[in-house]
Student: 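Supplied in structure tokens, the structure appears directly below.
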Amino acid sequence: MIIRKRLTAGVCVLLATLAAGLGTALPAAADEPSAAASPKVELVLDVSGSMRTRDMGGESRISAAKQAFNDVLDAVPEEVQLGIRTLGADYPGDDRKVGCKDTKQLYPVGPLDRTEAKTAVATLAPTGWTPIGPALLGAADDLDGGDSTRRIVLITDGEDTCGPLDPCEVARDIAARGIHLVIDTLGLVPDAKIRQQLTCIAEATGGTYTAVQNTDELSGRVKQLVDRAAEPVVTPVATEGAGSCASAPELQAGLYTDRQEIGKHRWYRVNVLPGQELRASVSVAADRAVDNDYGILLRAVTAHGREIVRGAESGTGRTDAVSTGLRYPKPEQDDADVSDSDVKPAAEAVCLQLGNSFSAPASVKTTPGMPVELTIDLVDAPDESADVAAFGLGRGWWLLGVMVLTGLIAGLLFGWISRWRVAVWRTN
């Protein structure tokens with residue numbers, strides 16, 4: 001970078017000198033392109049009376065939130081403009097009309113002064129109502145203006161107490177503005193009604209819902225969401241998996257979303273050229289009350305039904321999403337198989353089957369299906385055939401091979417020593 005700047009400066013000086021000699025005024029340097037707008041994030045924290053409850057690993061909910069905020073503020077990327085808004089922090093009375101207006105911006109969206117922001121958070125104490133809808137409207141106004149990416153992270157332990165202003169409808173209205181603002185929600189209480197409302201808010205704007213039950217989970221998730229705001233945004237494409245491989249939709253490399261009903265399979269198809277490696281990963285969100293002990297399976301099979309490779313993962317009801325993935329490298333085509341150099345090598349149709357073993361009580365609705373996020377990537381396959389991943393196997397097979405070889409050698413040595421000892425015993 002230093003060499004490039006010196007070279008640019010030298011060229012500019014040379015051009016300026018030539019221009020002066022010719023009597024023509026030239027600019028010293030071309031205008032630099034404008035820097036990309038800084039991403040904006042606002043953290044919206046519930047400070048209602050219920051945040052006094054001590055169920056976050058022995059701490060109160062507000063104490064866990066303050067500790068998580070301190071951790072997050074220390075790790076905010078320099079390019080991110082961050083603000084903080086509260087709800088239910090000031091009015092302790094019973095007047096619903098007044099309590100439902102209790103939301104304010106605690107720290108303005110802009111360049112972060114960590115000390116000032118931490119001091120503001122330290123003064124918070126659980127107080128009043130839970131006006132989630134008005135807080136979301138206020139946060140959207142706080143982030144208004146500019147072309148940068150914008151994200152609201154809502155942290156709450158309860159449902160909105162200020163109906164009829166439905167926060168889910170508020171989120172839909174925000175999404176309808178077309179300002180590309182994403183709302184992510186974090187619930188501190190694993191309650192079905194709270195989960196339903198926060199999931200609706202998040203899905204209305206393309207965000208995510210996460211249940212957190214301790215300080216580490218809360219801190220880690222908020223950090224992840226703030227970092228995500230600073231990264232390039234990939235817009236997922238809605239797709240609809242089929243009930244069989246033959247009718248499966250053909251997918252290119254990219255990010256896709258779908259819905260999968262409990263106990264049902266979904267099929268997708270990807271064309272893989274010789275010399276390419278298919279990398280596929282999938283996450284299924286348990287956005288409703290499901291029974292403990294579940295799992296998902298992602299299989300890559302040929303068009304004729306032969307399994308190539310699989311990935312599987314299980315859960316125990318303590319997480320809201322379960323993920324797995326797989327890799328399938330297709331070797332380069334041999335020269336002997338190519339008779340005409342102008343003929344492009346044929347792609348192999350690989351079918352991806354997504355299955356799940358979720359179950360739920362009879363009272364739980366099965367439609368629409370659970371949210372699915374599917375990532376497809378096609379990269380160059382490994383050059384070295386010695387890479388066991390080229391056979392669709394994990395690197396753990398190396399260890400297995402070493403163990404088998406070691407056992408074989410040990411068995412031969414033990415047998416030879418035993419025969420030698422028997423021979424010596426018979427001789428003596």
Side-chain angles (χ1 to χ4, degrees), residues 151-156 159 167-168 171-172 175 182-214 217-218 220-225 227-228 233-241 251 254-268 280-299 311-326 352-361 363-376:
R151 185 177 295 270
I152 295 173
V153 181
L154 170 66
I155 300 127
T156 180
E159 287 185 279
C168 189
R172 293 192 181 105
V182 175
I183 303 176
D184 296 292
T185 58
L186 286 82
L188 306 184
V189 177
D191 178 81
K193 289 185 178 180
I194 296 173
R195 178 200 298 263
Q196 183 178 6
Q197 185 174 85
L198 296 183
T199 299
C200 182
I201 293 171
E203 289 185 348
T205 60
T208 59
Y209 161 73
T210 308
V212 292
Q213 296 181 354
N214 58 61
E217 288 181 359
L218 178 59
R221 183 56 175 163
V222 177
K223 284 181 184 177
Q224 185 183 50
L225 294 173
D227 290 342
R228 185 177 294 179
V233 177
V234 178
T235 304
V237 178
T239 187
E240 186 173 350
L251 305 182
L255 179 64
Y256 299 89
T257 59
D258 197 2
R259 289 276 185 172
Q260 183 183 31
E261 293 186 30
I262 292 176
K264 299 293 183 65
H265 289 183
R266 304 292 271 174
W267 288 86
Y268 313 91
S281 62
V282 65
S283 296
V284 180
D287 64 342
R288 63 207 66 187
V290 297
D291 298 331
N292 292 343
D293 300 321
Y294 48 76
I296 61 171
L297 171 67
L298 182 64
R299 300 171 64 230
E313 189 57 70
S314 60
T316 59
R318 297 185 179 182
T319 58
D320 289 295
V322 58
S323 306
T324 189
L326 57 82
L352 296 175
Q353 179 192 22
L354 173 61
N356 71 75
S357 60
F358 286 93
S359 61
S363 58
V364 175
K365 294 182 179 180
T366 59
T367 57
M370 294 177 294
V372 173
E373 187 174 272
L374 177 65
T375 303
I376 303 294

Student: Ignoring hydrogens, what is the shortest heavy-atom contact between Gly241 and Tyr268? Give both atom names and the distance.
Tutor: CA-CE2, 3.4 Å
Student: Verify, without hydrogens or angle tests, whether Thr205 (side chain) and Ala175 (backbone) share a donor-acceptor contact under 3.5 angstrom.
Tutor: no
Student: To the closest 0.5 Å, what do you measure between CD1 (Ile155) and CG (Leu186)?
Tutor: 6.0 Å
Student: Using atom types as modelled and distance alone, determine if a side-chain donor or acceptor of Arg266 lies under 3.5 Å from a backbone N or O of Arg259.
Tutor: yes
Student: Considering residues at least two apart in sequence or located in another chain, which fulfil the side chain to side chain contact (heavy atoms under 4.5 Å, CB included) criterion with Lys193?
Tutor: Glu159, Asp191
Student: Other residues, nucleotides and ligands only: do more than 12 of their heavy atoms fall within 6.0 Å of NZ on Lys223?
Tutor: yes
Student: Please report the shortest heavy-atom distance between Tyr294 and Ser357, naming the atom on each side.
Tutor: C-OG, 3.5 Å
Student: Do you know which two heavy atoms are closest between Ile376 and Ala280, and how far apart they sit?
Tutor: CD1-CB, 4.0 Å
Student: Step by step, would you call Arg228 with Thr208 a side chain to side chain contact (heavy atoms under 4.5 Å, CB included)?
Tutor: CA-CA 12 Å; Arg228 185 177 294 179; Thr208 59; 4.1 Å; yes
Student: What distance do Ile194 atom CD1 and Thr185 atom OG1 have between them, rounded to the nearest 0.5 Å?
Tutor: 11.0 Å
Student: Below 4.5 Å, heavy atoms only, C-beta onward: do Asp184 and Val182 meet side chain to side chain?
Tutor: yes
Student: Test Leu352 against Leu251 for side chain to side chain contact (heavy atoms under 4.5 Å, CB included), laying out the working first.
Tutor: CA-CA 10 Å; Leu352 296 175; Leu251 305 182; 6.0 Å; no
Student: Does the side chain of Val364 reach to within under 4.5 Å of the side chain of Val290, using non-hydrogen atoms?
Tutor: no
Student: Search all heavy atoms of Gly263 against all heavy atoms of Asn356 and return the closest pair with its distance.
Tutor: N-OD1, 2.9 Å
Student: Could you measure the distance from the OH atom of Tyr209 to the CG atom of Leu154? Nearest 0.5 Å is fine.
Tutor: 11.0 Å
Student: Write down the atom of Leu198, the atom of Gly187, and the distance for their closest heavy-atom approach.
Tutor: CD1-CA, 3.7 Å
Student: Please assess Cys168 against Glu203 for the test side chain to side chain contact (heavy atoms under 4.5 Å, CB included), listing each intermediate value before the final yes or no.
Tutor: CA-CA 9 Å; Cys168 189; Glu203 289 185 348; over 6 Å; no
Student: Indicate the atoms forming the closest heavy-atom contact of Cys200 with Arg172, along with that distance.
Tutor: SG-NH2, 3.5 Å
Student: Could you give me the CA-CA distance, side-chain angles and deciding distance for Asp258 and Leu374, then say whether side chain to side chain contact (heavy atoms under 4.5 Å, CB included) is met?
Tutor: CA-CA 8 Å; Asp258 197 2; Leu374 177 65; over 6 Å; no
Student: Taking Gln260 for its side chain and Lys264 for its backbone only, find out whether a donor-acceptor pair lies under 3.5 Å.
Tutor: yes
Student: Please tell me if the side chains of Val372 and Val282 come closer than 4.5 Å, counting only heavy atoms from C-beta onward.
Tutor: yes
Student: Measuring only between side-chain heavy atoms, which start at C-beta, is Val212 closer than 4.5 Å to Leu188?
Tutor: yes
Student: Between OG of Ser281 and CG of Leu298, what distance do you get to the nearest 0.5 Å?
Tutor: 8.5 Å
Student: Going from CG on Leu297 to CD on Gln353, what distance comes out if it is rounded to the nearest 0.5 angstrom?
Tutor: 6.5 Å
Student: Any donor and acceptor pair, going by atom type alone, linking the side chain of Asp293 with main-chain N or O of Ser314 inside 3.5 Å?
Tutor: no
Student: With rounding to the nearest 0.5 angstrom, report the CG to OG1 distance, Leu218 to Thr210.
Tutor: 10.0 Å
